[in-house]
Each structure stands twice: as C-alpha cells, then as structure tokens.
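Have a look at the structure below, then the notes.
The analysis underlying the following values was restricted to heavy atoms, covering all of them including side chains, and did not include hydrogens, waters or symmetry mates. When a residue number appears, it is its place in the shown sequence, counting from 1.
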Amino acid sequence: MKSHAVRIGSERRDLPIVNVGEVSVALLNLLGDTLLTEAAAEALAARLPDGVETLVTPEVKSVPLAHAISLRTGLPYLVARKTEKPYMVGARSKSVISITTGEPQLLVIDGNDVHRIEGRAVAIVDDVVSTGGTLRGLAQLLAELGGRVVATLVVFTEGEPRDDVISLGHLPLYPKEEGV
C-alpha cells in the first residue's frame, strides 16, 4: 500500500493513501493514536490565539484532539454531532458536504450548548481541511448561534494550500488509484 510520511513533534507516521471519491488522500486518523494526537494538541495549543473562549469540533475523528487541546488550555469544548440525538433540546443544525463523505451530512449543536457559543470567541478544531465545506458550514452555524469564529486549527491542510487556517502541515491530493 502506498503511504505519505508525516511528522508532528517527535511522532512520525506513514499515512496510507486511500481513495475518497474521485481522488486519493493520505488518511490521517487520530482515533486511537494517542501519541500523535497529543503531539498535535501540544503544537496547536501553542498556536492558539489569545482571547479564544470556546473550542468547537465536528464529530468524530477530531474529538480527541479538541479534548487534548482543552486539557492544555483550560478552555471548554463542544462537539458538533452528525445526527440529532433524542436527548438534544432545541438542536440547531447545518447541512454540509465533506470530501470524505461526498454526500450531505448534518452538523448539529445541542440547544443546551448554545450559551457556550453565544457572544463568545470560538476556535474550530479539526483534523484535516480540504475543500473547506465542513468548516464553512460549521462557521455559518456558529455565527447563527451568536459565536465569532476567530481561529480554525487543523493538523493538516490538504489539496490547495490555505492561509485561512492554523495548521501543522500540508498533505497533497493524489490521483485516484484504480483497483484500490
């Protein structure tokens, strides 16, 4: 299997190249990779701008990253879920399209969490940003809830380089691999 080497702090990984729609990507999966998640959280927490009051992350692969940044900074975090749960009261949602899903999906904030966003400076935390569809949708949802997105922190950008996010590195897109 083809791979792409990355380094975060002292942690090195060979990310597998996998097909996603019409392209292939170097797949970063922080779930279960404690050392890489901790290294990324340390580096991103150090680059967090002053004045951020709340961290928000889309479900699911970046949840441990937001948790680890929260531990380092003392900032609360909340998760934009991908489905509305029965326990949610007054949930607010936005439909987005991500390169990894290729189909519309929801980002849902529990109405009980709106007070942690309303009138606050918010930083979005994610693992990888490619087309920016998820980030745009989440930023719009947070603005509708009265939050001000003042920073977006990601481990890697992907595809076209971006200067609108704080990242630790960049991953290229690859041509779709046939037979994978």
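Side chain of Glu53 to main chain of Ala121: a donor-acceptor pair is present (N/O by atom type, distance under 3.5 Å, no hydrogens or angles). Using modelled atom types, no side-chain atom of Ser70 and backbone atom of Ala66 make a donor-acceptor pair closer than 3.5 Å. Within the 3.5 Å criterion, the main-chain N or O of Ala26 finds no donor-acceptor partner in the side chain of Lys2. A donor-acceptor distance shorter than 3.5 angstrom exists from the side chain of His170 to the backbone of Gly159, with no hydrogens or angles considered. Side-chain atoms of Arg72 come within 3.5 Å of backbone atoms of Ala68 as a donor-acceptor pair (strictly under, hydrogens ignored). Side-chain N or O atoms of Thr57 include none that pairs as donor or acceptor with a backbone N or O of Asp126 at under 3.5 Å. Remark: the backbone N or O of Pro175 is paired with a side-chain donor or acceptor of Ser24 at under 3.5 angstrom.
Criterion: ILVMFWY side-chain heavy atoms under 4.5 Å apart, direct or through other members. Under it, Val23 and Val18 are part of a common hydrophobic cluster. Residues Val79 and Met88 are members of separate hydrophobic clusters, defined by side-chain heavy-atom contacts under 4.5 angstrom among Ile, Leu, Val, Met, Phe, Trp and Tyr. Tracing side-chain contacts under 4.5 Å through hydrophobic residues (I, L, V, M, F, W, Y), one reaches Val165 starting from Leu141; they form part of the same cluster. Following chains of ILVMFWY side-chain contacts shorter than 4.5 Å, one can reach Leu30 starting from Val63, so the two form part of one hydrophobic cluster. The cluster map of Ile, Leu, Val, Met, Phe, Trp and Tyr, joined by side-chain heavy atoms under 4.5 Å apart, puts Tyr77 and Leu107 in different clusters.
Residues Thr157 and Val128 have side chains not in contact (no heavy-atom distance under 4.5 Å, counting atoms from C-beta outward). Residues Val125 and Val56 form no side-chain contact, since every pair of their non-hydrogen atoms from C-beta on lies 4.5 Å or further apart. Between Val25 and Ile17 there is no side-chain heavy-atom pair separated by less than 4.5 Å. At a threshold of 4.5 Å between non-hydrogen side-chain atoms, the residues Leu27 and Lys61 count as touching. Annotation: side chain of Phe156 is in contact with side chain of Ile8 (closest heavy-atom distance under 4.5 Å). Contact annotation: the side chain of Val6 never approaches that of Arg12 to less than 4.5 Å [non-hydrogen atoms, C-beta and beyond].
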**Prompt:** How far apart are the C-alpha atoms of Val129 and Glu158, what are their side-chain angles, what is the distance that settles it, and do they pass the side-chain contact (heavy atoms from CB on, under 4.5 Å) test?
**Reply:** CA-CA 6 Å; Val129 59; Glu158 179 178 73; over 6 Å; no
**Val149 vs Ile124, side-chain contact (heavy atoms from CB on, under 4.5 Å): CA-CA, chis, key distance, verdict** = CA-CA 7 Å; Val149 176; Ile124 296 173; 4.0 Å; yes
**Request:** Give the C-alpha distance, both sets of side-chain angles, the deciding distance and a yes or no for side-chain contact (heavy atoms from CB on, under 4.5 Å) between Leu168 and Arg47.
**Result:** CA-CA 10 Å; Leu168 303 179; Arg47 298 181 66 189; 4.0 Å; yes
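Between Ser62 atom OG and Leu31 atom CG the span is 8.5 Å, to the nearest 0.5 Å. For the atom pair CG (Asp14) and OG (Ser3), the distance works out to 4.0 Å, reported to the nearest 0.5 Å. Atom CG of Asp113 is separated from atom CG of Leu78 by 5.0 Å, given to the nearest 0.5 angstrom. Here the straight-line distance linking atom CD1 of Ile117 with atom CZ of Arg92 works out to 10.0 Å at 0.5 Å rounding. Remark: Leu106 CG to Ser93 OG distance equals 5.0 Å, nearest 0.5 Å. Taking OG1 of Thr131 as the start and CD of Glu160 as the end, the distance is 11.5 Å to the nearest 0.5 Å.
Counting all heavy atoms, side chain and backbone alike, Arg162 lies closest to Asp164 at NH2-OD2, 2.9 Å. Closest of all the heavy-atom pairs between Pro172 and His4 is CD-CE1, 3.6 Å.
No option in Leu55, Leu44, Val154, Leu36 other than Leu44 meets the side-chain contact (heavy atoms from CB on, under 4.5 Å) test with Leu65. Checked against Val52 for a side-chain contact (heavy atoms from CB on, under 4.5 Å), the options Leu75, Val122, Leu153 give a single hit: Leu75.
Between Asp33 and Arg13 there is a salt bridge, since a side-chain N of the basic residue sits under 4.0 Å from a carboxylate O of the acidic one. Salt bridge Glu118/Arg120: absent, no basic N to carboxylate O contact under 4.0 Å.
Screening residues 136-151 for side chain to side chain donor-acceptor pair (under 3.5 Å) gives Lys94-Glu144 as the qualifying pairs, with residues at least two apart or on separate chains.
Within 6.0 Å of NE2 on His67 lie no more than 12 heavy atoms contributed by other residues, nucleotides or ligands.
Arg81 is linked by a side chain to side chain donor-acceptor pair (under 3.5 Å) to Glu59, Tyr87, counting only residues two or more places apart in sequence or in another chain.
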